K.L.:
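Could you have a look at this structure, given as structure tokens, before my questions?
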Amino acid sequence: MAAPFNPPTNFDCKPEVPKWVPPAPPTEDLEYAKLHSIDLSLLDSPDPEVVKQLVETAKVAIRDDGFLYLVNYGINLEQLHRQFSIAQYLHRNISEEDKEKLHWDPQGGLYAGYKPPFGWRTVKGKYDGICQFNFYEEEYKSLDKVPKCIHPFMDEISAFTEYLTRSVNKRLLTLLSKVLEMPDDFLYENIESKGPTPINEGYLRHALFHPFKNEEKGMGEGLRMFGHTDFGTTTMLFSVPVTCLQLWGRDGIWRYVKYAPGALVINIGDTLELISGGHFRATRHRVHNPPPSQETFERLSVVLFNGSKGDLRMQPCWDSPLIKREGCFESQGAYKEFKVLQDKGIPIPTNKEWREISIINTRHPTDEPEKLLKEVTVDGVKYIEVINQGVRVLQPL
């Protein structure tokens, strides 16, 4: 039985942190993606039939959607809201000095540090209203790498991160290993990165989306972030009321992800699509402006991106009985495009190379026209085409 989260509670010796108050959900009747919900506590059930049904539900969810809700994973709502309060405190109190000192450099292949609300390049671009602070390994190792305003709270951030990576994600990867019909520890021990810090080769993000003013609402045709897949193993996004996240369904329709208080929204990254031979789907997703009833709201977001071992070159787990029995799936995605290189005898990128080039070539609605990439049409669907380390990446418009 997995232990619940037990965070530091030494609040009396720290600055007071105003509580984050979740905004009201949208009032519109929106078209939502119908995602499966996984009760992670059932993984510990003594009844093998309960575990078997959980594995079957996970198999369908990650094959059809690549996204799912994770509930009963060990962190309660009060503990979660404390983390949102800390993220809110960071964005309200980071000094101009720290914004400059800790300014990010995505063109170097990492998102580490502070992102100002001016595009996704190292140099200042057009206003996009998105501020972030991204915690990588170095941010956990040295207080010099994080804003002074949250120095007193790094014990809480570290404990939260460690629980997510070493308990929640470990259990989730156990479940996904069961889907592959491999030993329970296969994905965690062989694919997931591990190291001396809580985050390993992933990163934690505190993001704040400021509402657009009237003159800014048409920017990017309502998009805050273009459609994309994540490049790691799993992404853990804590569900929030401001409804902006959209998934691209197999039918080519973008649908919103509905707010589920306390739930983790899990999506599969490219690494797991590759290791599963396409059985696990890295689903394209994007961030859109919220509906009219929420257009004046700030959207605070806490996300953990789990990373795979950087020196590995991903290929299907040919020992998996599932893959031996059912083969691989070459739907449009990372596995299909990596296989093109392999069939030609061309070395595929390592995980580290893949994530760095994916960051460097990130495109955004605020990019100048000359930076927007090639538009192509495949089976009647329009995509933006990117070539990363020789791998063709198609992202829907």
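Residues: numbered from 1 along the sequence shown. All of these numbers come straight from a predicted model, not from anything done at the bench. Atom set for the values below is all heavy atoms of this structure, side chains included, hydrogens, waters and symmetry mates excluded.
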K.L.:
Donor-acceptor pair, distance only, cut-off 3.5 Å: does the side chain of His151 make one with the backbone of Val146?
P.N.:
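At least one qualifying donor-acceptor pair exists.
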K.L.:
Minimum heavy-atom separation for Trp20 to Pro241, with atom names?
P.N.:
CH2-CD, 4.3 Å
K.L.:
For the backbone of Gly307 and the side chain of Ser193, can you confirm whether one donor and one acceptor N or O come within less than 3.5 Å of each other?
P.N.:
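Yes, Ser193 side chain to Gly307 backbone: donor-acceptor pair under 3.5 Å.
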K.L.:
A quick test of your reading: do over 12 heavy atoms of other residues, nucleotides or ligands sit less than 6.0 Å from NZ of Lys52?
P.N.:
no
K.L.:
Working to the nearest 0.5 angstrom, can you tell me the gap between Gln88 CD and Lys19 NZ?
P.N.:
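Here the interatomic distance stands at 12.5 Å.
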K.L.:
If you count every heavy atom of other residues, nucleotides or ligands that lies below 6.0 Å from Lys141 atom NZ, does the total exceed 12?
P.N.:
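Enclosed: over 12 neighbouring heavy atoms sit under 6.0 Å from NZ of Lys141.
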K.L.:
Which heavy-atom pair separates Trp104 from Pro116 by the least distance, and what is that distance?
P.N.:
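Closest approach of Trp104 to Pro116, heavy atoms only: NE1-CD, 4.0 Å.
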K.L.:
Treating Ile, Leu, Val, Met, Phe, Trp and Tyr as nodes and any side-chain heavy-atom pair under 4.5 angstrom as an edge, say whether Ile346 and Ile348 lie in one connected cluster.
P.N.:
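Yes, same cluster.
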K.L.:
Between Lys178 and Asp184, does at least one N-O distance fall below 4.0 Å, as a salt bridge requires?
P.N.:
yes
K.L.:
Looking at CG of Leu43 and CG of Leu54, how far apart are the two atoms once the value is rounded to the nearest 0.5 Å?
P.N.:
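Result: 6.0 Å between the selected atoms.
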K.L.:
To check you understand the geometry: which heavy-atom pair defines the closest contact between Thr161 and Pro198, and what is its length?
P.N.:
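Scanning both residues completely, I find the closest heavy atoms to be CG2-CB, 3.8 Å.
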K.L.:
For the CD1 atom of Ile191 and the NZ atom of Lys309, what is their distance to the nearest 0.5 Å?
P.N.:
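Rounded to the nearest 0.5 Å, the CD1-NZ separation comes out at 7.0 Å.
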K.L.:
Between the side chains of Asn169 and Thr234, is a donor N or O closer than 3.5 angstrom to an acceptor N or O?
P.N.:
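Yes.
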K.L.:
Can Asn76 and Glu78 be said to form a side-chain hydrogen bond (donor to acceptor under 3.5 Å, both in side chains), step by step?
P.N.:
CA-CA 6 Å; Asn76 65 42; Glu78 181 182 359; 5.4 Å; no
K.L.:
Could you check Glu273 against Thr229 for side chain to side chain contact (heavy atoms under 4.5 Å, CB included), going step by step and ending with a plain yes or no?
P.N.:
CA-CA 11 Å; Glu273 179 172 317; Thr229 59; over 6 Å; no
K.L.:
Would Lys115 and Asp128 pass as an ion pair if we require N to O under 4.0 Å?
P.N.:
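Yes, Lys115 and Asp128 are salt-bridged.
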K.L.:
Hey, what do you get for CG (Leu272) to SG (Cys317), rounding to the nearest 0.5 Å?
P.N.:
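Output value for this atom pair is 11.5 Å.
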K.L.:
Would you say Val55 and Ile266 are hydrophobically clustered, going by side-chain heavy atoms of ILVMFWY under 4.5 Å?
P.N.:
yes
K.L.:
Using modelled atom types only, decide if a donor and an acceptor are shared between the side chain of Asp98 and the backbone of Lys148 within a distance under 3.5 Å.
P.N.:
yes
K.L.:
Do Val17 and Phe11 have side chains that get closer than 4.5 Å, going by heavy atoms?
P.N.:
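Contact flag for Val17/Phe11 side chains = no.
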K.L.:
Hey, does the side chain of Thr362 reach the backbone of Ile359 with a donor-acceptor pair shorter than 3.5 angstrom?
P.N.:
yes
K.L.:
Considering residues, nucleotides and ligands other than Asp12, do more than 12 of their heavy atoms fall under 6.0 Å from its CG?
P.N.:
no
K.L.:
Once you measure the plane-to-plane angle for Trp354 and Phe338, does it fall in the parallel (<30°), tilted (30-60°) or perpendicular (>60°) bin?
P.N.:
perpendicular
K.L.:
Less than 4.5 Å apart, side chain to side chain, heavy atoms only: is that true for Leu40 and Asn72?
P.N.:
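The answer is no, as the side chains (C-beta and beyond) never meet within the 4.5 Å cut-off.
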K.L.:
Do any N or O atoms from the side chain of Thr271 and from the backbone of Gly232 form a donor-acceptor pair under 3.5 angstrom?
P.N.:
yes
K.L.:
Under a 4.5 Å cut-off applied to non-hydrogen side-chain atoms, are Cys131 and Tyr114 in contact?
P.N.:
yes
K.L.:
Does Lys352, at its NZ atom, have more than 12 non-hydrogen atoms belonging to other residues, nucleotides or ligands within less than 6.0 Å?
P.N.:
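Count not over threshold, so no.
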K.L.:
Less than 4.5 Å apart, any side-chain heavy atom of Arg255 and any of Tyr32?
P.N.:
no
K.L.:
Verify the cluster assignment for Tyr259 and Val257: are they in a single hydrophobic cluster under the rule of side-chain heavy atoms below 4.5 Å apart?
P.N.:
no
K.L.:
Out of curiosity, Thr165 OG1 to Tyr188 OH, how far, rounded to the nearest 0.5 Å?
P.N.:
6.5 Å
K.L.:
When you look at Leu110 and Tyr203, which way does the side chain to side chain contact (heavy atoms under 4.5 Å, CB included) test go after all the steps?
P.N.:
CA-CA 10 Å; Leu110 294 176; Tyr203 60 102; over 6 Å; no
K.L.:
Phe238 and Leu35: same hydrophobic cluster, using ILVMFWY side-chain contacts below 4.5 Å?
P.N.:
yes
K.L.:
Out of Glu162, Glu139, His206, which residue meets the side chain to side chain contact (heavy atoms under 4.5 Å, CB included) rule with Ile157?
P.N.:
His206
K.L.:
Does the Lys194 side chain pair with the main chain of Glu192, one donor and one acceptor, at a distance under 3.5 Å?
P.N.:
yes
K.L.:
Measure the spacing between OG of Ser177 and NZ of Lys170 and express it to the nearest 0.5 Å.
P.N.:
11.5 Å
K.L.:
Can Val71 be reached from Leu304 by stepping across I, L, V, M, F, W or Y side chains whose heavy atoms are under 4.5 Å apart?
P.N.:
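Looking at the clustering, Val71 is in a separate group from Leu304.
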K.L.:
Quick check on the 6.0 Å ring-centre criterion: do Phe153 and Tyr89 meet it?
P.N.:
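Aromatic pair counts; centres sit under 6.0 Å.
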K.L.:
Any sub-3.5 Å donor-acceptor pair from Glu137's side-chain atoms to Thr197's backbone N or O?
P.N.:
no
K.L.:
Does a side-chain heavy-atom distance below 4.5 Å link Leu102 with Phe133?
P.N.:
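The answer is yes; the side chains approach within 4.5 Å.
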K.L.:
Closer than 3.5 angstrom, by distance alone: can the side chain of Arg171 be matched with the main-chain N or O of Asp44 as a donor-acceptor pair?
P.N.:
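A pair under 3.5 Å: no.
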K.L.:
Let me see the working for Ile150 and Phe135 under side chain to side chain contact (heavy atoms under 4.5 Å, CB included), right down to the final yes or no.
P.N.:
CA-CA 12 Å; Ile150 59 162; Phe135 301 81; 3.6 Å; yes
K.L.:
Determine the minimum heavy-atom distance between Asn200 and Gly195, stating which atoms define it.
P.N.:
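Answer, listing the atom of Asn200 first, then Gly195: OD1-N, 2.9 Å.
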K.L.:
For Lys59, I'd like to know if atom NZ has over 12 heavy atoms of other residues, nucleotides or ligands within 6.0 Å.
P.N.:
yes
K.L.:
Does atom CG (Asn6) have a neighbourhood of more than 12 heavy atoms from anything else shown, all under 6.0 Å?
P.N.:
no
K.L.:
Check whether any side-chain heavy atom of Arg355 lies under 4.5 Å from a side-chain heavy atom of Ser308, and answer yes or no.
P.N.:
yes
K.L.:
Tell me whether Ser293 contacts the main-chain N or O of Thr27 through its side chain, where contact means a donor paired with an acceptor under 3.5 Å.
P.N.:
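Pair found, side chain donor or acceptor close to backbone of Thr27.
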K.L.:
Any heavy-atom pair between the side chains of Phe209 and Val242 that's under 4.5 Å?
P.N.:
no
K.L.:
What are the two closest non-hydrogen atoms of Pro23 and Glu298, and how far apart are they?
P.N.:
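Residues Pro23 and Glu298, closest heavy atoms: CG-O, 4.2 Å.
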K.L.:
So for atom CG, which belongs to Asp343, do other residues, nucleotides or ligands contribute more than 12 heavy atoms lying within a distance under 6.0 Å?
P.N.:
yes
K.L.:
Specify the closest pair of heavy atoms between Val240 and Arg299, including all atoms of both residues, with the distance to one decimal.
P.N.:
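Heavy atoms only, the tightest pair is CG2-NE, 4.0 Å.
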K.L.:
Fit a plane to each ring of Tyr127 and Phe212, take the angle between them on a 0 to 90° scale, and name the class: parallel (under 30°), tilted (30 to 60°) or perpendicular (over 60°).
P.N.:
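Rings of Tyr127 and Phe212: tilted, as their planes differ by 30° to 60°.
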K.L.:
Give a yes or no on whether the backbone of His279 and the side-chain of Arg63 come within a donor-acceptor separation of less than 3.5 Å.
P.N.:
no
K.L.:
Take Leu247 and Trp254 through the test side chain to side chain contact (heavy atoms under 4.5 Å, CB included) and record every step on the way to the result.
P.N.:
CA-CA 5 Å; Leu247 310 186; Trp254 290 101; 5.6 Å; no
K.L.:
Please say whether the positively charged group of Arg205, taken as NZ for Lys or CZ for Arg, lies over the ring of Tyr111, i.e. under 6.0 angstrom from the six-membered ring centre and within 45 degrees of the axis.
P.N.:
yes
K.L.:
One thing to verify: whether Lys101 and Glu97 come together as a salt bridge, which I'm taking to mean a side-chain N less than 4.0 angstrom from a carboxylate O.
P.N.:
no
K.L.:
State, with a plain yes or no, whether a side-chain heavy atom of Val168 is found less than 4.5 Å away from one of Phe5.
P.N.:
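Heavy-atom side-chain distance check fails, nothing below 4.5 Å.
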